[in-house]
Number of protein chains: 2
Amino acid sequence: MESPTVRGKVGAQVDNEPKARAGGALPYELIELFFFAYRDFVSDPDRILAELDFGRAHHRVLHFVNRNPGLTIAELLDILKITKQSLNRVLKELVGTAFIEVRTGQADRRQRHLHATASGHALAARLAAVQGERIRQALNNVPAAAHPAIEAYLTAMIDPQERKQVLSRIRKGPVG
Amino acid sequence: MESPTVRGKVGAQVDNEPKARAGGALPYELIELFFFAYRDFVSDPDRILAELDFGRAHHRVLHFVNRNPGLTIAELLDILKITKQSLNRVLKELVGTAFIEVRTGQADRRQRHLHATASGHALAARLAAVQGERIRQALNNVPAAAHPAIEAYLTAMIDPQERKQVLSRIRKGPVG
DNA sequence: GAGATATGTCAATAAGGCTGACGTATATGG
DNA sequence: CCATATACGTCAGCCTTATTGACATATCTC
């Protein structure tokens, strides 16, 4: 999983900019650590995806479909915050290669419910495994007592308006 | 600062994949938290950059030049892990808009030493300020005693081979 | 002086985004 | 039952950021 390049609409954010930063120096170390940590975090899946001629976009789609079986197109667009045109190309490839299956909605036949196939689930698990391994190894470098703090820290890095929605989606996600 | 899309060369990495993951479930929560945290972490600078018709590539270049005054082209390419052709377009724009200044090397006149101008420094500081503000706010959600653990965790997320080099560059960086 | 090195540049290509416009199937409300 | 709204699909064109390959130029080093 890798962060999408959100272009175009930048989102209406009100005056969020710190004026003078009264309190001391900028945390350059943490800024750069986060940058490099994320860079390497996504490099593991990249190697696997390259074997299949997939990119990070495929990873994101497969990941969230796998974690949220029956997800509709609209819901997926809302998570990924991309346009349906962008999604379509990637999704078509994942469906064409039988990693994802599309089922017409029962209640509402306009909707498309997305499901990972067996091989889709396997690939998603393989991708999550390499990222999970990196996380596990990193946690080993930190006292177990501090593990909840790391989760709290990452949670607090998420936009407050998004936080609740993100958390509910993460926690409910029962499919491993 | 935002992670580059490393395409093409994926880097020679030896069999790094966890075989069966004997030890239990995958840390899906942390995987997704890291994803969303990073997404929002880069969204703040994006808004500012958009005002100037710059992209994330400009941010990365400006950031590292500002933090490492006198950086050469080759060193910058090594940090960013992109090709000189990719760098060139972005760098030309930053030089053309007078955010970055190029000085021919004294000892070796083939080299180009990059420096942020006054306005380059101001922009870099403004970008770092919004990211720093998010970090500071997130740290406030965590006991101060756990702050070193967060730094240790992020450090351990970086590839072991890269870690030493990255850390030395981060710590020495005296320019805030 | 020959060759290596640091940088610059031209050209073609790809991935992954975007906007705008339009089409189709299905639901839903009056 | 018909009009409108909704969910999705698709065509066309564009942008940014990256890639590879080839070649040019200046400068350093042996």
Side-chain angles (χ1 to χ4, degrees), chain A residues 1-11 39 42-43 45-46 49-50 52-62 70-96 100 102-114, chain B residues 1-11 39 42-43 45-46 49-50 52-62 70-96 100 102-114:
Chain A
M1 283 232 310
E2 167 271 353
S3 197
T5 301
V6 177
R7 294 227 328 290
K9 288 237 181 58
V10 229
R39 183 192 66 178
V42 292
S43 72
D46 278 352
L49 292 160
L52 297 157
D53 281 300
F54 284 157
R56 293 178 187 180
H58 301 85
H59 185 191
R60 294 196 289 269
V61 170
L62 177 60
L71 207 62
T72 67
I73 301 288
E75 289 166 342
L76 185 51
L77 291 176
D78 184 56
I79 293 175
L80 298 178
K81 302 207 191 301
I82 58 175
T83 60
K84 60 179 172 178
Q85 295 91 326
S86 295
L87 173 60
N88 213 257
R89 176 178 38 85
V90 169
L91 183 55
K92 258 195 292 195
E93 288 170 6
L94 285 165
V95 170
I100 287 181
V102 180
R103 300 183 201 154
T104 297
Q106 292 292 299
D108 188 337
R109 293 179 45 80
R110 293 171 303 179
Q111 293 187 328
R112 305 286 175 263
H113 294 280
L114 305 174
Chain B
M1 284 228 311
E2 167 272 355
S3 195
T5 302
V6 177
R7 295 228 326 291
K9 287 235 182 60
V10 227
R39 183 192 66 178
V42 293
S43 73
D46 278 352
L49 293 161
L52 297 157
D53 281 300
F54 285 157
R56 292 180 186 179
H58 302 86
H59 185 191
R60 294 197 290 268
V61 170
L62 178 61
L71 207 62
T72 67
I73 303 287
E75 289 166 342
L76 184 52
L77 291 177
D78 184 55
I79 293 174
L80 298 177
K81 302 210 192 299
I82 59 175
T83 59
K84 62 180 170 176
Q85 295 92 326
S86 295
L87 174 60
N88 213 257
R89 176 184 43 87
V90 169
L91 183 55
K92 257 195 291 195
E93 288 170 5
L94 285 165
V95 171
I100 287 182
V102 180
R103 301 182 201 156
T104 297
Q106 292 293 298
D108 186 337
R109 294 179 45 80
R110 292 171 303 177
Q111 292 186 330
R112 304 287 175 262
H113 293 281
L114 305 174

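So you know, we letter chains A, B, ... as the sequences are listed, proteins then strands, and number each from 1. All values derive from a computational prediction rather than experimental measurement. What you see below is based on every heavy atom in this structure, not just the backbone, and it leaves out hydrogens, waters and symmetry mates.
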Q: Would you mind reading off the distance between Leu76(B) atom CG and dG8(C) atom P, rounded to a whole angstrom?
A: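 For the pair Leu76(B) CG and dG8(C) P, the rounded distance is 11 Å.
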
Q: Could you tell me the separation between the CG atom of Asn88(B) and the C1' atom of dT20(D), rounded to a whole number of Å?
A: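 It is 16 Å, rounded to the nearest whole Å.
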
Q: Could you tell me the separation between the CG atom of Leu91(B) and the P atom of dA6(C), rounded to a whole number of Å?
A: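 The answer, rounded to whole Å, is 17 Å.
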
Q: Reckon Ser86(A) has a side-chain N or O less than 4.0 Å from the OP1 or OP2 of dG16(C)?
A: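 For dG16(C), neither OP1 nor OP2 has a side-chain N or O of Ser86(A) closer than 4.0 Å.
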
Q: So, Arg89(B) side chain and Leu87(B) main chain: donor-acceptor pair closer than 3.5 Å or not?
A: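 Not confirmed, Arg89(B) side chain does not pair with Leu87(B) backbone.
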
Q: Just by distance, do the side chain of Arg112(B) and the backbone of Arg110(B) share a donor-acceptor pair under 3.5 Å?
A: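 Here the side-chain-to-backbone pair exists.
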
Q: Is it the case that the base of dT5(C) and the side chain of Arg110(B) share a donor-acceptor contact (distance under 3.5 Å, atom types as modelled)?
A: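 Side chain to base: pair present.
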
Q: Atom CD of Glu75(A) and atom P of dC8(D): how far apart are they, to the nearest Å?
A: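 In whole Å, dC8(D) P lies 8 Å from Glu75(A) CD.
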
Q: Counting only side-chain nitrogens and oxygens, does Arg109(B) get under 4.0 Å of the OP1 or OP2 atom of dT27(D)?
A: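 So the side-chain polar atoms of Arg109(B) do come within 4.0 Å of the phosphate oxygens OP1 or OP2 of dT27(D), strictly under.
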
Q: Tell me which of Glu93(A) and Lys84(A) sits closer to the 5' end of DNA chain C, going by the nucleotide each one is nearest to.
A: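 It is Glu93(A) whose nearest nucleotide is closer to the 5' end.
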
Q: Could you check whether any side-chain heavy atom of Asp108(A) comes within less than 4.5 Å of a side-chain heavy atom of Thr72(A), counting everything from C-beta outward?
A: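 No. Closest side-chain heavy atoms not under 4.5 Å.
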
Q: Expressed in angstrom and rounded to an integer, what is the separation of Arg89(B) atom CZ from dT19(D) atom C1'?
A: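 Distance check: Arg89(B) CZ to dT19(D) C1' gives 12 Å.
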
Q: Please report the distance, rounded to the nearest Å, between CZ in Arg112(B) and C1' in dT25(D).
A: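 That distance rounds to 10 Å.
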
Q: Would you classify His113(B) as touching base, sugar-phosphate or nothing, given that sugar-phosphate means primed atoms plus P, OP1 and OP2, and contacts are heavy atoms under 4.0 Å?
A: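 Contact class for His113(B): none.
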
Q: Between Leu77(A) and Thr83(A), does a side-chain contact (heavy atoms from CB on, under 4.5 Å) hold up when you go through it step by step?
A: CA-CA 7 Å; Leu77(A) 291 176; Thr83(A) 60; over 6 Å; no

Q: Rounded to whole angstroms, how far apart are CG on Leu77(A) and C1' on dA7(D)?
A: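 So the two atoms are 10 Å apart, to the nearest Å.
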
Q: Measuring to OP1 and OP2 of dT17(D), would you say a side-chain N or O of Arg56(B) lies under 4.0 angstrom away?
A: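 No.
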
Q: Could you walk me through whether Ile79(B) and Leu71(B) satisfy the side-chain contact (heavy atoms from CB on, under 4.5 Å) test, starting with their C-alpha distance in whole Å, then the side-chain angles of each, then the deciding distance to 0.1 Å, before giving a yes or no?
A: CA-CA 10 Å; Ile79(B) 293 174; Leu71(B) 207 62; 4.2 Å; yes

Q: Ignoring hydrogens and geometry beyond distance, is the side chain of Gln85(A) in donor-acceptor contact with the base of dG16(C) at under 3.5 Å?
A: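 In this structure, the two groups form no donor-acceptor pair.
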
Q: Taking the minimum atom-to-atom distance to the side chain of Ile73(A), which one of dG9(D), dG16(C), dT17(D) wins?
A: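 Of dG9(D), dG16(C), dT17(D), dG9(D) is nearest to the side chain of Ile73(A).
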
Q: Whole angstrom is fine here: how far is it from CG in Leu71(A) over to C1' in dC8(D)?
A: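 So the CG-C1' distance, Leu71(A) to dC8(D), works out to 14 Å.
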
Q: Considering heavy-atom distances to DNA chain C, does Gln106(A) or Gln111(B) have its closest nucleotide positioned more toward the 5' end?
A: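 Whichever sits nearer the 5' end wins; that is Gln111(B).
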
